[in-house]
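Notes follow once the structure below has been shown.
The figures that follow rest on heavy atoms only: side chains count, while hydrogens, waters and symmetry mates do not.
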Amino acid sequence: MIAARLGQAVLALFGMTLLVWALLPLTPGDPAERTIRGRGNLEPEPAQVAALRQELGLDRPLPEQYAVWLSKLVRGQLGISYRSKQPVERELASRVAATLLLAAGGVVVAVAIALPLALLAARHQDRWPDQAARMFALVGTSLPSFWIGLLLLDLFAVRLRWTSALAKPDLAHLPLPAFVLGLGLASVLTRILRAGLVGELGRRYALVMRARGAGQWHVLVRHALPNASLPGINVLALGIGGLLGGAAAVETVFTWPGMGLYIVDAIGARDLPVVQGFAVISAGIFILCNLGADLLAMTVDPRLRQQAQR
């Protein structure tokens with residue numbers, strides 16, 4: 001089963017590279033001409049465009065361009081930025097630590113909110129704690145993160161002046177953007193865990209334990225939570241991949257100097273190698289997180305291991 005999952009991950013990574021690269025020829029306009037215009041020359045000469053196309057390898061056949069790009073990608077080379085003329089992997093590597101810090105803070109926020117809310121909702125099913133948790137899950141999933149970020153930034157940075165509007169990638173400026181980033185994941189995780197816990201409390205083993213005198217919290221935390229955690233593990237693993245790849249809006253609102261803010265600037269400048277490199281990294285992280293969730297689920301649940309052996 002592990003070998004099959006690894007093979008599927010490799011095929012998914014290869015298909016992802018093909019899809020990401022294929023977006024380049026489909027983009028409107030000439031990348032060489034856009035690059036020259038981005039450097040300040042608004043009316044480039046045809047000779048200049050042709051020379052840059054040859055320098056960037058855009059005059060070669062498409063299969064050859066893909067083969068060259070894939071061979072460089074395997075060696076860890078993501079191309080050269082049109083704007084800075086620096087390797088894309090170097091540009092992203094200088095910003096990945098800030099994004100990882102923000103994503104880690106978002107995961108901590110999500111788990112710290114979702115786990116107690118789900119336990120309270122399952123313990124008090126159909127009563128006001130359960131209704132409040134479901135309302136939180138609905139509202140947190142519906143509201144866009146950039147809007148929540150702007151409201152909190154206006155409140156805490158502009159009105160109360162408890163923090164700075166220009167965030168720095170350190171622990172002092174982490175709580176507010178991490179809360180905004182983890183709120184959406186916390187909403188989804190609360191709903192999934194709450195549904196799993198309620199389902200487990202209605203199963204026969206939980207009813208038998210209650211009949212034998214076990215307390216509700218003991219049954220809930222000791223037995224129901226481990227059995228209900230598998231869907232939550234999958235959601236959390238995929239959510240981590242989503243946080244790493246989808247932090248652009250939060251980083252832009254809080255001017256957090258991570259990969260998300262950098263990719264927003266690159267999209268505005270039509271810096272396609274940077275966009276391609278970020279897309280490859282984001283998709284690769286998502287695939288690896290999905291693979292890690294499958295392997296962790298097999299480690300936690302012996303039924304999956306038995307199924308794999310059969």
Side-chain angles (χ1 to χ4, degrees), residues 76 78 81 83-84 86-117 136 140-141 143-190 235-269 271 273-275 277-286 288-289 292:
L78 300 176
S81 171
R83 294 183 299 168
S84 63
Q86 297 294 322
V88 174
E89 63 272 12
R90 184 184 303 171
E91 296 279 339
L92 293 176
S94 64
R95 296 167 174 83
V96 68
T99 299
L100 289 176
L101 177 62
L102 180 59
V107 172
V108 171
V109 168
V111 175
I113 293 176
L115 186 58
L117 277 182
F136 164 77
T141 306
L143 295 179
S145 59
F146 69 88
W147 183 75
I148 300 175
L150 288 174
L151 292 180
L152 294 180
L153 196 62
D154 178 72
L155 175 62
F156 291 103
V158 178
R159 300 180 185 275
L160 299 178
R161 296 184 179 181
W162 289 357
T163 184
S164 173
L166 300 177
K168 298 179 181 179
D170 53 28
L171 295 178
H173 294 83
L174 179 63
L176 201 58
F179 173 78
V180 175
L181 185 63
L183 192 60
L185 179 58
S187 304
V188 178
L189 193 59
T190 298
V235 170
L236 186 60
L238 297 179
I240 293 174
L243 292 182
L244 288 172
V250 176
E251 289 186 3
T252 302
V253 170
F254 291 94
T255 62
W256 187 269
M259 293 192 300
L261 181 60
Y262 179 62
I263 195 62
V264 170
D265 295 337
I267 291 173
D271 197 345
V274 175
V275 177
F278 181 79
V280 168
I281 291 176
S282 300
I285 291 174
F286 195 85
L288 292 178
C289 287

Assess the residue pair L236 and V107 against the criterion (side-chain contact (heavy atoms from CB on, under 4.5 Å)); give the C-alpha distance rounded to whole Å, side-chain angles, the decisive distance to 0.1 Å, and a yes or no. CA-CA 8 Å; L236 186 60; V107 172; 4.1 Å; yes

Sequence neighbours left out, cut at 3.5 Å: what donor-acceptor pairs do the side chains of residues 172-180 make with other protein atoms?
residue : atom : partner : partner atom : Å
H173    : ND1  : D170    : OD1          : 2.8

Which atom names give the shortest non-hydrogen contact between [X] and [Y], and what distance separates them?
X	Y	answer
G182	A110	O-CB, 3.6 Å
L78	G277	CD1-CA, 4.1 Å
M259	E251	N-OE1, 3.5 Å
T141	S187	OG1-CB, 3.4 Å
C289	I240	SG-CG2, 4.2 Å
L185	G239	CD1-CA, 3.8 Å

[atom2] on [Y] to [atom1] on [X], rounded to 0.5 Å:
X	Y	atom1	atom2	value
L181	S145	CG	OG	7.5 Å
I148	L143	CD1	CG	4.5 Å
I267	F278	CD1	CZ	8.0 Å
L189	I113	CG	CD1	10.5 Å
L155	L150	CG	CG	12.5 Å
L153	T255	CG	OG1	8.0 Å

With heavy-atom distances below 4.5 Å as the criterion, would you say the side chains of V274 and I263 are in contact?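 Yes; the side chains approach each other to less than 4.5 Å.
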
Heavy atoms from other residues, nucleotides or ligands near CZ of F136 exceed 12 (cutoff 6.0 Å):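 Atom CZ in F136 is crowded, with more than 12 foreign heavy atoms closer than 6.0 Å.
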
Is S94 reaching over with its side chain to a backbone N or O of E91, donor-acceptor style, under 3.5 angstrom?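 Yes, the answer is positive, given that a donor and an acceptor are paired below the 3.5 Å cut-off.
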
Using a 3.5 Å distance criterion without hydrogens, assess whether the side chain of W256 forms a donor-acceptor pair with backbone atoms of A98. yes

Pairs satisfying ring pair (Phe, Tyr, Trp, His ring centres under 6.0 Å), at least one member in residues 143-168, at least two apart: F156-W162

